[in-house]
Asks: 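Handing you this structure, nothing more for now.
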Amino acid sequence: MNLSKLQENLRETVIAAAKSEFSIELETIASEVPPKTELGDVAFPVAFELARRIKQQTGEKSNPRMIAERLKAALKENEAVERVEVAGAGYLNVFFHRAKFLIESQTAEILPRLSESKDQSAPKVCVEHTSVNPNKAAHIGHVRNSVIGDTFVRILKATGKRVEVQNYIDNTGVQVADVVVGFLYIENKTLEDIKNLDANLTAEGKTFDYYCWDLYAKVGQIYQKDEALKAKRAEVLHLVEAGKNPTAELADYVATRNVECILATMERFGIRYDLLPRESEILHLHFWKKAFEEMQTREVIKFETEGKAAGCWVMPFEEHSGNDEHEADKILVRSNGTVTYTGKDIAYQMWKLGLLGLDFYYNLFHTYADGKEVWITTATDLASANVPEFGNSETVYNVIDSRQSYPQEVVKKGVATIFPEKGEAASVHLSYEMVALSPGAAEELGFQISDEDKQKSFIEMSGRKGLGVKADDLLNRLEENALAEVEKRHADLSGDEKRKTAHIIAVGALRYFLLKFTRNTVIVFDFKEALSFEGETGVFCQYSAVRANSIFRKLGEQDSGFRIQDSRLEEISAIFNAEDGDDIWSMVILAARLEETIAYAANANEPALLAKYTFNLAKTFNVFYSRHKIIAEENKAKRAVLIAVADLARSSLTAALNTLGIEVPERM
RNA sequence: GCUCGCGUAGCUCAGUUGGAUAGAGUGUUCGCCUCCGAAGCGAAAGGGCGCAGGUUCAAGUCCCGCCGCGAGUACCA
């Protein structure tokens with residue numbers, strides 16, 4: 001039996017005991033992890049609640065400790081429980097039978113399976129993340145989005161869900177149009193010129209997205225003094241949206257190439273997708289029209305004839321009661337008849353939830369090295385073979401920057417208004433704060449910082465200004481640093497092995513760095529901190545797993561024959577009851593909490609919870625490792641116990657790291 | 001103005017539907033590799049959780065009011 005189940009059983013026992021002893025029906029009760037191992041493995045502060053209820057019902061005051069005493073007996077009946085104590089003001093502290101628990105951990109699967117559910121009846125959810133405008137290279141802020149999204153996907157899969165990963169491609173927006181303006185009117189390039197440029201860049205080992213990064217910033221600068229060029233933007237945007245013209249073809253090339261570059265960048269971080277839905281198809285397949293009709297039929301949208309939104313179709317929201325009369329009403333169709341981004345987003349969200357009644361066509365976009373496929377939407381039926389089923393998700397998670405919480409609120413409320421039967425809970429905005437630069441970091445990147453900005457604690461990154469830490473640059477720097485360390489420590493490894501190890505370390509460092517902050521914390525990027533391999537880092541966690549593995553490598557070379565199952569229960573219990581028994585046990589129980597931690601992180605929509613747990617697990621293992629000489633232990637039973645514990649710890653640590661998208665190298 | 005988020009050790013951050021002596025990392029000082037990997041371990045110093053009230057057996061966590069910082073509040077995306 002795994003720990004989650006055991007705790008669930010104990011909670012039920014307490015509820016039943018409360019009923020039989022005090023005739024009080026509790027629906028749910030809290031259980032918590034005691035602050036110290038000596039205080040037990042699970043604690044119920046239930047006596048306080050019961051005391052309150054008894055007072056309510058009878059008016060009599062009762063002592064929580066006395067109440068707790070009367071609940072003890074029921075818990076003791078569980079054979080996994082060794083003893084129960086009443087402590088403090090009335091805590092009910094439960095101690096598990098340590099020896100039994102450890103032996104069982106050897107045979108039963110107490111850690112969660114990490115593979116995605118293949119069961120087609122398992123609930124399917126959709127996670128949209130990354131969604132970088134395909135007009136430039138990805139920067140560290142985009143990586144935060146992708147790493148949070150990807151980790152959340154892994155967490156959901158570990159809880160048994162089927163997950164579809166979408167990366168929305170806004171290939172017809174102003175940002176792509178801006179770069180197209182740059183190519184057409186600053187550089188005077190044709191599509192052929194751009195293709196040649198692209199080929200030359202590739203030959204020089206450079207990438208198209210980096211070129212666009214600079215061009216985009218240049219366009220932004222020129223816009224400020226050249227009105228004529230700015231006027232071109234609207235013209236280009238219109239052509240791009242309309243499609244089927246040379247400008248649109250050029251834009252498609254630019255966007256598609258950037259998508260390829262961004263996918264390659266994300267692949268370095270271990271981040272992959274199932275589907276790339278594009279805005280062009282949402283336009284050309286008239287998703288909006290269908291959504292609009294639905295809204296009219298259901299009368300959740302109205303045409304304004306007066307006021308500042310005259311001539312627009314708006315969706316009214318009464319919740320926000322601002323000073324302005326209709327401040328909260330959201331315009332979905334402009335007075336010139338075009339649809340706003342939020343309008344398109346509502347249609348897209350409806351499709352994700354299987355509520356639109358229309359579908360895309362699909363084409364294979366890319367196949368990863370191991371055969372996994374990424375699909376892209378198309379406007380016409382290309383009769384592609386073996387198209388998987390997309391959309392139609394029970395719940396949709398959108399990983400989007402918190403600055404967009406207002407439009408996301410509109411999308412959520414909008415869909416719920418149109419389909420009250422589906423409700424708001426089906427749309428989750430997984431918001432996160434931005435990654436900003438410290439003034440020092442911005443200067444290190446070679447940017448002139450205004451005096452005003454120097455006073456600020458952080459500076460927002462800006463693609464338009466070309467101000468940001470590019471994802472590939474940072475990862476390259478991390479790989480270089482890691483490689484230098486690997487060279488120092490393992491000169492005997494081959495060049496390939498060294499580079500592979502350095503890569504795993506670099507990815508571990510960066511993913512952990514982005515995950516250790518909770519979502520609503522602004523990360524003020526600092527090179528020193530991000531490049532660190534010491535302290536609370538992914539590298540620390542990897543290192544501890546590598547050391548654990550090296551114990552077993554050594555053991556493999558020896559005859560390790562003696563296993564814990566061969567010892568008698570009393571022998572093992574004696575070890576846990578000895579002076580250092582508590583600290584051996586604390587390693588066991590912490591390693592066993594992986595499953596509940598994953599469930600907790602999934603419920604709270606917070607990957608950082610798993611990151612923190614993983615660090616604690618690694619820290620605890622390091623302490624365990626330094627206190628106990630495992631291989632050299634002379635007492636056979638104790639040695640077997642230490643080995644079993646180390647084995648459990650490394651399995652749990654490895655599984656936790658994998659769920660964070662962090663690999664464990666062979667050596668490091 | 002309104003809405004949302006945040007204010008916890010020198011610095012950067014955790015803190016599970018309110019719970020047992022407020023925790024990490026980093027920085028500072030000191031100690032630990034003839035013994036499973038020192039990207040490690042141990043120790044010391046360091047805050048009473050922005051301010052002021054309230055609810056509760058119990059408040060960093062909930063409520064009210066202030067103060068400070070940030071974001072949003074487009075017929076941009």
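Naming convention: chains lettered A, B, ... in sequence-line order (proteins, then strands); numbering from 1 in each chain. Owing to the predicted nature of the structure, the values given are computational and were not obtained by experimental measurement.
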Asks: Who passes side chain to side chain donor-acceptor pair (under 3.5 Å) against A/K36, sequence neighbours left out?
Replies: none

Asks: By the 4.0 Å heavy-atom rule, please label A/E433 as base, sugar-phosphate, or nothing.
Replies: nothing

Asks: Hey, is B/G46 sitting syn or anti, using the within-90° cutoff around 0?
Replies: anti

Asks: Determine the contact category for A/S402: base if any of its heavy atoms lies under 4.0 Å from a base atom, sugar-phosphate if only primed atoms, P, OP1 or OP2 are that close, otherwise nothing.
Replies: nothing

Asks: For residues 513-535 of chain A, pull every pair meeting side-chain hydrogen bond (donor to acceptor under 3.5 Å, both in side chains), keeping only residues two or more places apart or in separate chains.
Replies: A/T518-A/T521

Asks: What residues, two or more places apart in sequence or in another chain, satisfy ring pair (Phe, Tyr, Trp, His ring centres under 6.0 Å) together with A/W313?
Replies: A/F292, A/F303

Asks: Indicate whether the side chain of A/Q408 and that of A/S431 have a donor and an acceptor atom separated by less than 3.5 Å.
Replies: no

Asks: Nucleotide by nucleotide, 5' to 3', does protein get under 4.0 Å of the base (B), only the sugar-phosphate (S), or neither (-) in nucleotides 9-15 of chain B, counting heavy atoms?
Replies: ---SSSS

Asks: Using a heavy-atom cut-off of under 4.0 Å over every strand shown, decide if A/F615 touches base, sugar-phosphate, or nothing.
Replies: sugar-phosphate

Asks: With pairs defined as Watson-Crick or G-U wobble and both distances under 3.5 angstrom, please note down RNA chain B as a dot-bracket string, | for pairing with another strand.
Replies: (((((((..((((.........)))).(((((.......))))).....((.((.......)).)))))))))....

Asks: Would you please name every residue forming a side chain to side chain donor-acceptor pair (under 3.5 Å) with A/R403, sequence neighbours left out?
Replies: A/D401, A/E460

Asks: Which pairs count as ring pair (Phe, Tyr, Trp, His ring centres under 6.0 Å) when at least one residue sits in residues 534-553 of chain A, sequence neighbours excluded?
Replies: A/F540-A/F615

Asks: Grab the CG-P distance between A/N622 and B/G40 for me, whole Å please.
Replies: 8 Å

Asks: Would you please name every residue forming a ring pair (Phe, Tyr, Trp, His ring centres under 6.0 Å) with A/Y348, sequence neighbours left out?
Replies: A/Y168

Asks: List for me each residue that meets side chain to side chain donor-acceptor pair (under 3.5 Å) alongside A/Q542, sequence neighbours excluded, and say none if there are none.
Replies: none

Asks: With A/F513, which residues qualify under ring pair (Phe, Tyr, Trp, His ring centres under 6.0 Å), at least two apart?
Replies: A/F517

Asks: Can you name the residues that form a side chain to side chain donor-acceptor pair (under 3.5 Å) with A/N63, not counting sequence neighbours?
Replies: none

Asks: Assign a letter to each nucleotide of nucleotides 42-51 of chain B from its 5' end: B, base within under 4.0 Å of a protein heavy atom; S, sugar-phosphate only; -, no contact.
Replies: S---------

